[in-house]
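FYI, side chains are in, hydrogens and waters are out, and symmetry mates aren't considered; it's all heavy atoms of this structure. Along the sequence shown, the residues carry numbers beginning at 1.
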Amino acid sequence: QAQLVESGGGLVQAGGSLRLSCAASGRTFSSHAVAWFRQAPGKEREFVAGVSWSAGNTLYADSVKGRFAIYRDNAKNTLYLQMNSLKPEDRAVYYCAARVPPLIATKESEYDYWGQGTQVTVSS
C-alpha cells in the first residue's frame, strides 16, 4: 500500500522559513510527478508547487514563486518544500501528492496518492 507522510510543519513568525518533507513508502515514486498543495481554513485546496519525475521541470503558484522551492531526492523517495519569507497568508495544511503520469498537473483531481497533511502556521 503506497503511503505519503508529511512532516516539518509548525509555527513560525512572518519572514521565517520552514522545510516540509514528504516520505513515500510502499512503492517508488521516482517515475511519478509529485506536488505540494495547501488548504487554508474556509478555502479550497490549491496547488502550490510541482516537480516532474526527472526533476527537470518545476512549476509554482504565483503566490509562492520566488519564496518556495520544491525538490526531490529519488534515492530517498522523499519530496521537499523549502519555504522562505513566509507570510501569514501561507497559513494552511500542506499536503503532498503523487500522480502516476510523469508530468506536473495543477488540478487536485489529477493526483492519485495523498498524504494526511501537515499544519503550517505563520504569525504576524
Side-chain angles (χ1 to χ4, degrees):
Q1 181 74 16
Q3 187 175 18
L4 300 174
V5 178
E6 302 95 337
S7 61
L11 173 64
V12 63
Q13 287 188 333
S17 298
L18 281 175
R19 189 182 76 161
L20 305 183
S21 300
C22 173
S25 62
R27 66 179 292 162
T28 179
F29 288 92
S30 59
S31 61
H32 298 9
V34 286
W36 289 94
F37 285 75
R38 67 185 181 186
Q39 187 167 22
K43 295 187 177 181
E44 295 185 351
R45 193 162 0 186
E46 63 175 1
F47 174 83
V48 175
V51 57
S52 63
W53 74 273
S54 65
N57 293 303
T58 56
L59 183 66
Y60 295 91
D62 288 343
S63 59
V64 306
K65 204 173 293 183
R67 300 187 298 121
F68 290 11
I70 185 172
Y71 57 101
R72 64 193 298 172
D73 185 336
N74 286 340
K76 295 183 178 179
N77 222 17
T78 301
L79 174 69
Y80 302 94
L81 184 68
Q82 178 66 44
M83 305 186 295
N84 300 323
S85 302
L86 282 161
K87 304 175 181 179
E89 51 263 43
D90 293 319
R91 176 196 176 200
V93 177
Y94 284 72
Y95 300 88
C96 66
R99 64 193 301 258
V100 173
L103 301 179
I104 304 166
T106 60
K107 293 183 179 179
E108 180 181 355
S109 59
E110 297 189 70
Y111 284 80
D112 306 295
Y113 302 95
W114 289 87
Q116 294 301 306
T118 185
Q119 176 72 50
V120 171
T121 303
V122 184
S123 63
S124 56

Which heavy atom in [X] sits nearest to a heavy atom in [Y], and how many Å separate them?
X	Y	value
V51	I104	C-CG1, 3.6 Å
V93	Q119	CG2-OE1, 3.2 Å
G115	Y95	O-CD2, 3.6 Å
Y111	W114	O-NE1, 3.6 Å
A40	R91	CB-O, 3.6 Å

Fill in the blank from the handout: Applied to residues 111-122, the salt bridge (Lys or Arg N to Asp or Glu O under 4.0 Å) test, sequence neighbours excluded, yields none
Atom pairs and distances, side-chain donor-acceptor, residues 2-14, under 3.5 Å, sequence neighbours left out:
from: E6; atom 1: OE1; to: Q116; atom 2: N; distance (Å): 3.0
from: E6; atom 1: OE1; to: G117; atom 2: N; distance (Å): 2.8
from: E6; atom 1: OE2; to: C96; atom 2: N; distance (Å): 2.9
from: E6; atom 1: OE2; to: G117; atom 2: N; distance (Å): 3.2

Problem - Pairing residues for K107 by the side-chain contact (heavy atoms from CB on, under 4.5 Å) criterion, not counting sequence neighbours - result: S109, E110
Completion exercise
Taken in chain and number order and not counting sequence neighbours, the residues that satisfy side-chain hydrogen bond (donor to acceptor under 3.5 Å, both in side chains) with E108 are R45
Fill in the blank from the handout: With sequence neighbours left out, the residues meeting side-chain hydrogen bond (donor to acceptor under 3.5 Å, both in side chains) with T106 are none
Fill in the blank from the handout: Y113 meets the ring pair (Phe, Tyr, Trp, His ring centres under 6.0 Å) criterion, sequence neighbours left out, with F29
Exercise for the section: Say whether V48 and L79 are linked into one hydrophobic cluster, either directly or through other cluster members, by side-chain heavy-atom distances under 4.5 angstrom. Expected result: yes
Exercise for the section: Say whether F47 and F68 are linked into one hydrophobic cluster, either directly or through other cluster members, by side-chain heavy-atom distances under 4.5 angstrom. Expected result: no
Practice task
Look only at the side chain of R72 and the backbone of S52, and say whether a donor-acceptor pair between them is shorter than 3.5 Å.
Solution key: yes
Could you tabulate the donor-acceptor pairs under 3.5 Å formed by side-chain atoms of residues 15-25, not counting sequence neighbours?
from: S17; atom 1: OG; to: N84; atom 2: OD1; distance (Å): 2.9
from: R19; atom 1: NH1; to: Y71; atom 2: OH; distance (Å): 3.2

Mind listing the side-chain donor-acceptor pairs of residues 31-38 below 3.5 Å, one per line with the distance, residues two or more places apart or on another chain?
from: H32; atom 1: NE2; to: R27; atom 2: NH2; distance (Å): 3.2
from: W36; atom 1: NE1; to: Y80; atom 2: O; distance (Å): 3.2
from: R38; atom 1: NE; to: E46; atom 2: OE2; distance (Å): 2.7
from: R38; atom 1: NH1; to: D90; atom 2: OD1; distance (Å): 2.9
from: R38; atom 1: NH1; to: Y94; atom 2: OH; distance (Å): 2.9
from: R38; atom 1: NH2; to: E46; atom 2: OE2; distance (Å): 3.2
from: R38; atom 1: NH2; to: S63; atom 2: OG; distance (Å): 3.4

Problem - Set of salt bridge (charged side-chain N to carboxylate O under 4.0 Å, His left out) partners for K65, sequence neighbours left out - result: D62
